[in-house]
Structures are given as C-alpha cells and as structure tokens.
Amino acid sequence: MKILFKMALLVIVIIFIFTCGFYINFDAKSAEKIFEDRYSVSVLDNKGSIIGVHLNKNEQWHLKSSEKIPEKLRIAVTVFEDKNFYSHSGIDFFAVTRAFYNNFKDGRRTGASTITMQAAKMLEPKKRTYLNKYLEMIQALKLERYFTKDEILRMYLNNAPYGGNVVGYKTASYMYFQKSPQELTWGEASLLAVLPNSPGLMSIDRNREKLIEKRNNLLKKLYEKKYISEKQFSISIKEPVPEKKYAFKSIAHHLVRRLINENQEEKIIKSTINSELQEEVEEIVEDYSEFLKLQGIKNAAVLIINNKNYEAEVYIGSQNFYDFENNGQVDGITALRSTGSLLKPFLYAKIIDDGKAAPQSKIPDVPLYFSNFTPQNADKKYRGMVEMQDALIKSLNIPFVHLLKEYGEERFFYFLKEILGFNDSDPSKYGLSLILGTKEFSMENMGKLYAGLANYGKFRNIKYIKESQKENTENFITEGASYLTLEAMKKLERPGMERLYKEKNPVSWKTGTSNGRRDGWAAGVTPEYTVIVWTGNFTGEGNPNLTGVYSAGNLMFDILKILPRKEREFRKPYSLKKIKIDAETGYRLKYDVPWEEIYYPEDAVPLRVSPYYKKIYINKKGEEIDSRDSSFQERREKIILNYPTEVINYFVKENLDVSNIFNRKFLEKSLKFIYPSNNLKIIIPKDFDGEKSIIVKIANLKNQELYWYINKEYIGKDFDGEKKFNLKKGKYEIKVVSSEGETAKVNFEITDK
C-alpha cells in the first residue's frame with residue numbers, strides 16, 4: 001500500500017511539473033488588482049481607527065488590511081489550515097496525493113488545499129472539480145513566485161469568508177469583537193482561524209456548538225504545540241462566542257462621504273479627524289440644535305482646524321446626518337452662504353499693511369452714500385469718528401465700507417481670490433457691499449482664512465487626509481498686522497457674563513449675520529485651534545431670532561470650552577516696533593500736537609500722516625487769512641482739525657461741540673451736498689418700474705432755512721438737510737438756497753445702465 005502511495009505521488013509530481021511550465025509565466029501581480037476591486041472603502045481617523053465604511057459593490061463588508069498580521073492570528077491560522085505553510089512551495093504534494101488516494105480508494109473526500117491554494121481559489125472562484133483543483137495548484141505556484149509568504153497569508157485572510165456578508169479578518173474582528181485585529185485574544189484569534197473553514201455550515205448565528213468545538217480543538221492543539229500555556233488554554237476555552245454582529249463606528253458622516261467620493265481609487269483613507277473630539281462636539285451640536293429648533297433655526301455646522309498643521313480635526317456638516325426632516329445630509333461645510341461681517345478682520349489687517357490706518361486711527365462713522373448703496377450699522381446708530389479697532393470690536397458697517405473704499409474693492413476682491421481660488425472674476429457685482437457679505441463663501445473658505453490669520457498671515461489649504469502632500473504656505477498679511485488684528489478681536493464681548501472665561505482663556509473671534517438673518521456665523525481662533533460655526537436653515541429662509549453673536553457665538557464658546565489649551569496668548573512678533581502717532585486722530589505724527597506711541601509692523605507700508613489735520617494762517621486776532629489779506633505778511637501758522645463735511649454736519653446735528661474741528665471762516669460756506677455727489681450716475685435696477693427713490697443729503701451747518709429747487713423749479717422750503725425724491729430716468733440739477741443767501745447745487749443722472 002505504501003509503495004502504491006509513493007508511486008501515485010511520483011506520477012502526480014512529474015505530470016504537474018511537465019504541464020505547469022506552459023502556464024507559469026503569467027503575471028500574478030494582477031491578483032492585487034483583482035482583490036483591490038473587491039474591498040469596501042474604509043475611512044480612518046488620525047490614529048488609524050475606523051470612522052466610516054461603505055459596502056462594496058457586492059453589498060459586503062470587506063475591509064482591506066495593510067498591517068502586519070497579528071502574531072496570534074498568524075499562528076492560529078497556520079496551525080489550523082496549513083502547518084507546512086512556511087516550508088512548502090505553495091503545494092503540499094503529500095497532502096494532495098493522500099487526498100487523491102483516499103478519494104479513489106474509498107470515496108472519502110479529504111482536503112489538501114494549502115493557504116496559498118485557497119488564496120488562488122479566492123482569486124478566481126470555480127466549481128470544485130479535479131481540473132479546477134489542478135488549475136488552483138498552478139495559480140498557487142504563480143503566487144509563491146511573486147509574493148512572500150506573509151503577503152500570501154495576508155491575501156488569504158483579507159479575503160476569507162466569515163459568514164453572511166462579512167469578508168476578511170479585519171472586518172470580522174471589528175464586527176464580531178468590536179476591536180482591531182492587534183487586540184485579539186487567543187480565543188478570538190482561534191475563532192477567526194476556524195470560521196472560514198465552513199462559513200456556510202457554522203457561524204455565530206447557527207451551529208454555534210460546532211463552532212465552539214472547532215475553536216476549542218484548535219486551542220488544545222496550540223497548547224500541545226506549546227504556543228500557549230496551560231493557564232492561557234483554560235482561560236481561552238471559557239471565552240464566550242459573540243452572539244451578534246456589531247455595526248462599524250460611524251462619525252463625521254459628511255466628511256466620510258466626501259473623502260470616498262473624492263478618492264475613488266483608494267480603499268483605505270486615513271483622515272485628519274480626531275475621533276474623541278469629533279464625537280464630543282457632535283454631541284454638543286446635536287444638543288444645542290434642539291434649542292435652536294425651538295426658535296425655528298433647523299441647521300448647524302462646525303469645522304475645527306488644528307492651527308499647527310492646518311488639519312481638520314472636527315467636521316460636522318449638519319446638526320445630525322440622519323435628520324432627514326431637516327435636510328441633515330446637506331454638507332454645510334461646503335455650502336456657499338453670505339458671511340455677513342466675517343471678512344472685516346482681513347480688511348482691517350490689509351489696511352494696516354497698506355499704511356492707511358493703525359488700530360488707533362480714527363475713521364468716520366456717519367451716514368455715507370455711494371450711488372445705489374447706503375450702508376447702515378446694525379444698531380442704526382452713528383458715532384461720528386471712531387478708532388479703527390473699535391469699529392472692528394463693535395462690527396460697525398459704515399467705517400468698514402469707508403475703509404474698503406480707501407483700500408479699493410477690486411484690490412480686496414483679488415486678495416481674497418488669490419487665497420481662496422474661487423472662479424468668480426467680477427468684483428463689480430459686489431462693489432463696496434463686498435465687506436458686508438454680499439459675496440457668498442463656504443465654511444471651508446472661512447476656515448482657511450481664519451487659520452491663516454492665526455498663523456500670522458500664512459495661508460494654506462485645509463487638510464482632510466493625514467498623509468496628503470505638504471503644501472507651501474503663502475504670506476498675504478504681515479505677522480505684525482495679523483497679531484494686531486487678533487489682539488483687537490480678543491476684545492469682542494462674549495454674549496452673557498463670561499468675563500472670567502475671557503480673562504483665563506482669551507479668544508480672538510468674530511461673528512457675522514447675513515442680510516435678512518439667513519445665516520449666523522461665528523469664527524474663533526486660539527494659538528492651537530480655529531473654530532468655524534454656522535447656524536441657519538439650509539432651505540435659505542430668514543429668521544428674526546438668528547444672529548451670529550447669539551445663535552452661532554454661544555455654540556462656538558460651548559465648543560471652545562472643551563478644546564485642549566496649552567498656549568493662552570498669541571506670541572507678539574519681533575517685527576512690531578513703536579512709532580509716534582498724534583493723540584487726536586491716531587495717524588503718524590507730523591505736526592507739533594499731542595502724541596502717543598503704539599506698536600506698528602515694521603514690514604508694513606509706513607503709516608500715513610493724518611488726513612484730518614490742516615495747516616492754516618491766522619492774523620493777530622486768531623482769524624484765518626490767506627495771501628489776499630493785507631496782514632498776510634504778519635501771519636502765523638496754526639494746525640487745526642479738518643474733518644470731512646459729512647462728519648461736521650453729523651456733529652452739528654447732534655449738538656456736539658465742534659469748536660476744535662473748524663474755525664469761524666468755515667461757516668462762511670456752511671452748505672454742502674453730501675449725497676448725491678456731483679456728476680454721479682445712479683442706476684435703476686432692471687426689475688424696477690422705471691422710477692428711483694433717492695435720499696438727498698445736505699450739510700446745513702448753521703441750521704438755516706433752505707429753499708429747494710429741482711431743475712430750476714421751486715419745490716418748497718424747510719430746515720431739514722435730508723429730502724426724498726422719486727425720480728425717473730434723466731439728468732437732474734438740485735439747488736439749495738439758504739435764508740442767508742448761500743447756495744449749493746449738484747448735478748446727477750438716473751439711468752438703467
């Protein structure tokens with residue numbers, strides 16, 4: 001009998017060697033591509049743990065693992081399936097011959113497949129026939145030629161069936177034991193070793209006794225072969241078998257979906273998400289959203305960026321991904337929305353870098369008129385002249401429209417475009433209203449801007465994938481201007497009584513509320529983190545309860561409280577140097593007037609001198625004179641404040657002391673048109689009915705009675721310096737004559753183009 005067995009073995013080996021030569025040159029590397037196409041896509045957090053998995057095209061949970069096979073599982077599988085795995089060439093000829101002999105001798109079917117042959121069978125599944133078994137043997141030799149033993153073992157375990165739609169050892173480890181394969185016990189590793197042997201006959205759901213028996217038999221063999229101790233054996237056989245499949249951990253749903261859609265060739269995507277922080281913030285947002293819903297505000301989104309590496313650690317696209325009733329699957333991070341006042345800090349910084357103003361410089365906060373645009377502060381109040389830093393702290397609209405006009409709306413538009421790379425190339429669509437949020441941006445855009453500000457003007461794209469290529473940062477704002485902006489933003493008052501929090505954990509932050517109260521924003525930065533919060537309704541309807549300060553600001557501070565904090569303050573850059581400014585208007589000192597010192601970036605354009613001081617000549621009586629005066633040779637120089645007419649007009653209307661702003665001679669011409677300006681073209685929007693309502697504003701510094709004329713036709717008299725006209729297309733002249741005979745006139749045109 002032994003002789004017959006040996007002869008059969010010899011014949012099988014000779015025939016196999018002779019015939020397989022015809023097929024052996026096939027490139028078995030194609031196996032990698034075949035298996036790759038079958039895997040589910042999994043997204044990991046920044047530490048390598050799963051945060052989301054999608055079913056593969058066969059509706060299976062089938063994870064790919066690239067890690068080293070855990071030692072316990074490697075030993076258990078090779079002992080159970082193929083004890084000679086590391087010594088044979090892919091085929092165990094003794095086992096094949098024994099199986100062949102038993103089949104012919106007494107019809108008893110016995111297995112002879114090595115792990116390599118089983119991997120080959122998984123590669124191209126076929127019916128169980130002698131011919132197909134032979135082809136598997138050839139394919140096994142090909143695999144052994146191109147792959148190492150550990151690579152083949154991983155290939156087998158990555159594609160082994162574990163019952164139902166569970167495929168692969170990593171999948172089974174998470175779905176049965178809720179842990180990574182590296183954490184498996186000897187009992188769990190043994191269960192995963194025996195389960196693929198007959199997944200159709202036994203599973204955690206049926207024939208559990210048979211499954212436990214097989215596992216325990218393997219554990220006994222491991223004990224007998226001294227892989228485990230007696231104590232390990234006794235503990236392992238008492239381990240319970242899981243009674244159900246568990247779902248994969250699923251967080252950051254919007255980002256998981258986005259990364260899978262954007263990286264369709266990848267099967268394992270390692271994201272930048274901090275799982276612990278993501279889950280904690282998701283809970284905060286979901287709870288806070290219940291409060292918002294009581295006010296009719298149905299949606300919220302949060303983006304948190306690590307300022308040290310520009311990585312997004314929290315990505316919450318909506319209040320709840322599964323809130324289908326309120327459009328929870330919309331990704332609020334990428335949606336374009338009006339940003340309200342969120343761009344003001346960046347204009348503030350650019351104004352400093354351009355030398356047009358310092359934080360202490362005063363700018364007008366009085367009614368302004370620009371063609372079809374009449375900006376107003378949110379509180380409908382005016383303050384005359386305000387320091388630029390106060391305008392940012394109070395988020396005043398009129399001063400920032402004035403600053404944008406100073407800086408240039410086109411320049412600011414292209415500054416934003418260079419950083420954010422949006423497609424829009426027409427700044428004229430927005431004009432001066434750009435600074436108030438008429439151009440829509442995404443939370444992602446705002447995250448990039450504020451993270452760049454927190455990094456002292458160094459801007460870089462936000463990273464969502466951990467191993468993505470490092471980008472170069474670009475400086476668009478100086479370190480000094482960034483720091484001065486962040487310092488001003490720290491002074492914003494937080495809603496409620498939070499002085500203690502403000503002092504112990506200072507935050508530089510800004511809010512924004514869009515026109516019509518459709519969007520409430522809050523952006524906060526610390527040295528470590530940038531937090532962007534949006535609240536509103538994805539459907540776009542406004543809500544009177546919606547504000548950036550309360551709706552979004554409170555949520556932002558709830559989140560900031562839980563963020564780790566190592567650095568309290570932003571570092572003051574060495575590039576800040578002290579300069580002298582005049583104490584009254586806050587610009588570079590030029591005249592002999594009271595002064596003070598401030599910090600200013602040395603690499604910015606030098607701060608300009610005050611546009612509000614004027615040198616005049618006076619006589620012995622202190623009256624202003626010019627070269628036509630007979631006493632001009634005895635003149636003396638005097639420096640006086642010379643605020644714009646619209647500012648003086650505001651002071652006069654408010655009954656404020658203006659004696660230090662202009663002298664008596666100024667009152668000789670106390671009438672001046674503020675709006676419209678001379679030769680202005682006012683456009684009627686095409687959807688209007690051909691008539692334009694305009695407000696004509698005039699400075700009436702001596703509060704004289706005024707006689708009004710339009711196109712030389714008398715229309716009435718009053719003391720008011722503001723009048724409303726409903727005018728059709730055409731050219732107009734408005735003339736005003738005061739009771740003292742002073743006149744002022746302006747020419748303008750109303751057109752539809």
Side-chain angles (χ1 to χ4, degrees), residues 5 8-38 62 64-65 69 73-104 108-162 167-169 172 192-201 214 218 221:
F5 179 83
L9 174 61
L10 181 61
V11 170
I12 289 171
V13 172
I14 292 172
I15 293 173
F16 185 79
I17 293 174
F18 178 75
T19 57
C20 73
F22 292 104
Y23 305 98
I24 201 69
N25 291 325
F26 176 77
D27 182 8
K29 284 285 185 180
S30 60
E32 292 179 320
K33 180 67 171 63
I34 293 172
F35 282 134
E36 193 75 18
D37 290 340
R38 298 176 186 171
H62 188 176
K64 176 185 177 181
S65 175
I69 301 296
L73 183 60
R74 185 188 69 80
I75 292 170
V77 169
T78 52
V79 168
F80 180 75
E81 287 284 359
D82 189 353
K83 63 181 180 180
N84 297 317
F85 174 68
Y86 285 98
S87 59
H88 63 60
S89 61
I91 304 167
D92 188 337
F93 285 103
F94 285 98
V96 170
T97 304
R98 182 174 60 250
F100 182 79
Y101 178 79
N102 289 336
N103 287 344
F104 274 89
R108 183 162 49 93
R109 297 176 68 88
T110 57
S113 292
T114 62
I115 287 175
T116 312
M117 289 171 64
Q118 291 184 66
K121 182 178 180 180
M122 292 170 184
L123 186 63
E124 296 179 355
K126 298 181 180 69
K127 277 188 172 185
R128 190 172 180 181
T129 65
Y130 287 112
L131 175 61
N132 288 338
K133 179 66 72 174
Y134 174 71
L135 294 175
E136 284 172 18
M137 293 165 66
I138 295 176
Q139 191 76 325
L141 289 184
K142 295 176 187 177
L143 293 177
E144 292 276 349
R145 179 177 177 181
Y146 285 97
F147 298 99
T148 66
K149 287 289 186 179
D150 285 341
E151 287 173 337
I152 292 169
L153 181 59
R154 186 186 301 114
M155 192 180 296
Y156 163 73
L157 286 171
N158 267 344
N159 296 276
Y162 283 91
V167 181
Y169 79 99
L192 294 188
V194 304
L195 192 53
N197 188 252
S198 302
L201 298 178
K214 275 204 167 190
L218 173 56
K221 190 178 290 187

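Numbering of residues begins at 1 and proceeds along the displayed sequence. Source: prediction; values computed, not measured.
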- Task: For residues Asn159 and His62, determine if any side-chain heavy atom of one lies less than 4.5 Å from a side-chain heavy atom of the other.
- Result: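 SC-SC contact between Asn159 and His62 confirmed.
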- Task: Find out whether Val167 and Tyr162 are in side-chain contact, i.e. whether some heavy atom of one side chain is under 4.5 Å from a heavy atom of the other.
- Result: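 Side chain of Val167 against side chain of Tyr162, heavy atoms only: no contact under 4.5 Å found.
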Contact summary for [X] and [Y], nearest pair of heavy atoms:
{"X": "Thr78", "Y": "Ile75", "answer": "OG1-O, 3.1 Å"}
{"X": "Glu144", "Y": "Ser89", "answer": "CG-O, 3.1 Å"}
{"X": "Leu192", "Y": "Ala172", "answer": "CD2-CB, 3.7 Å"}
{"X": "Leu218", "Y": "Ala193", "answer": "CD2-CB, 3.7 Å"}

- Item | Contacts of type side chain to side chain donor-acceptor pair (under 3.5 Å), residue Gln118, not counting sequence neighbours |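 With sequence neighbours excluded, Gln118 shows a side chain to side chain donor-acceptor pair (under 3.5 Å) to Glu81, given in chain and number order.
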- Query: By side chain to side chain donor-acceptor pair (under 3.5 Å), which residues pair with Ser65, not counting sequence neighbours?
  - Reply: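 Scan of Ser65 (side chain to side chain donor-acceptor pair (under 3.5 Å), adjacent residues dropped) gives Glu67, Tyr169.
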How far does [atom1] of [X] sit from [atom2] of [Y], to the nearest 0.5 angstrom?
{"X": "Ile152", "Y": "Asp82", "atom1": "CD1", "atom2": "CG", "value": "10.5 Å"}
{"X": "Met122", "Y": "Phe35", "atom1": "CE", "atom2": "CZ", "value": "7.5 Å"}
{"X": "His88", "Y": "Thr114", "atom1": "NE2", "atom2": "OG1", "value": "4.5 Å"}
{"X": "Phe147", "Y": "Lys142", "atom1": "CZ", "atom2": "NZ", "value": "12.0 Å"}
{"X": "Lys221", "Y": "Phe80", "atom1": "NZ", "atom2": "CZ", "value": "7.5 Å"}
{"X": "Lys149", "Y": "Thr116", "atom1": "NZ", "atom2": "OG1", "value": "4.5 Å"}

- Begin from the C-alpha positions of Tyr86 and Leu153 and carry the test side-chain contact (heavy atoms from CB on, under 4.5 Å) through to its verdict. CA-CA 10 Å; Tyr86 285 98; Leu153 181 59; 3.9 Å; yes
- Item | side-chain contact (heavy atoms from CB on, under 4.5 Å) partners for Lys83, two or more places apart |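 For Lys83, no residue satisfies side-chain contact (heavy atoms from CB on, under 4.5 Å) once neighbours in sequence are set aside.
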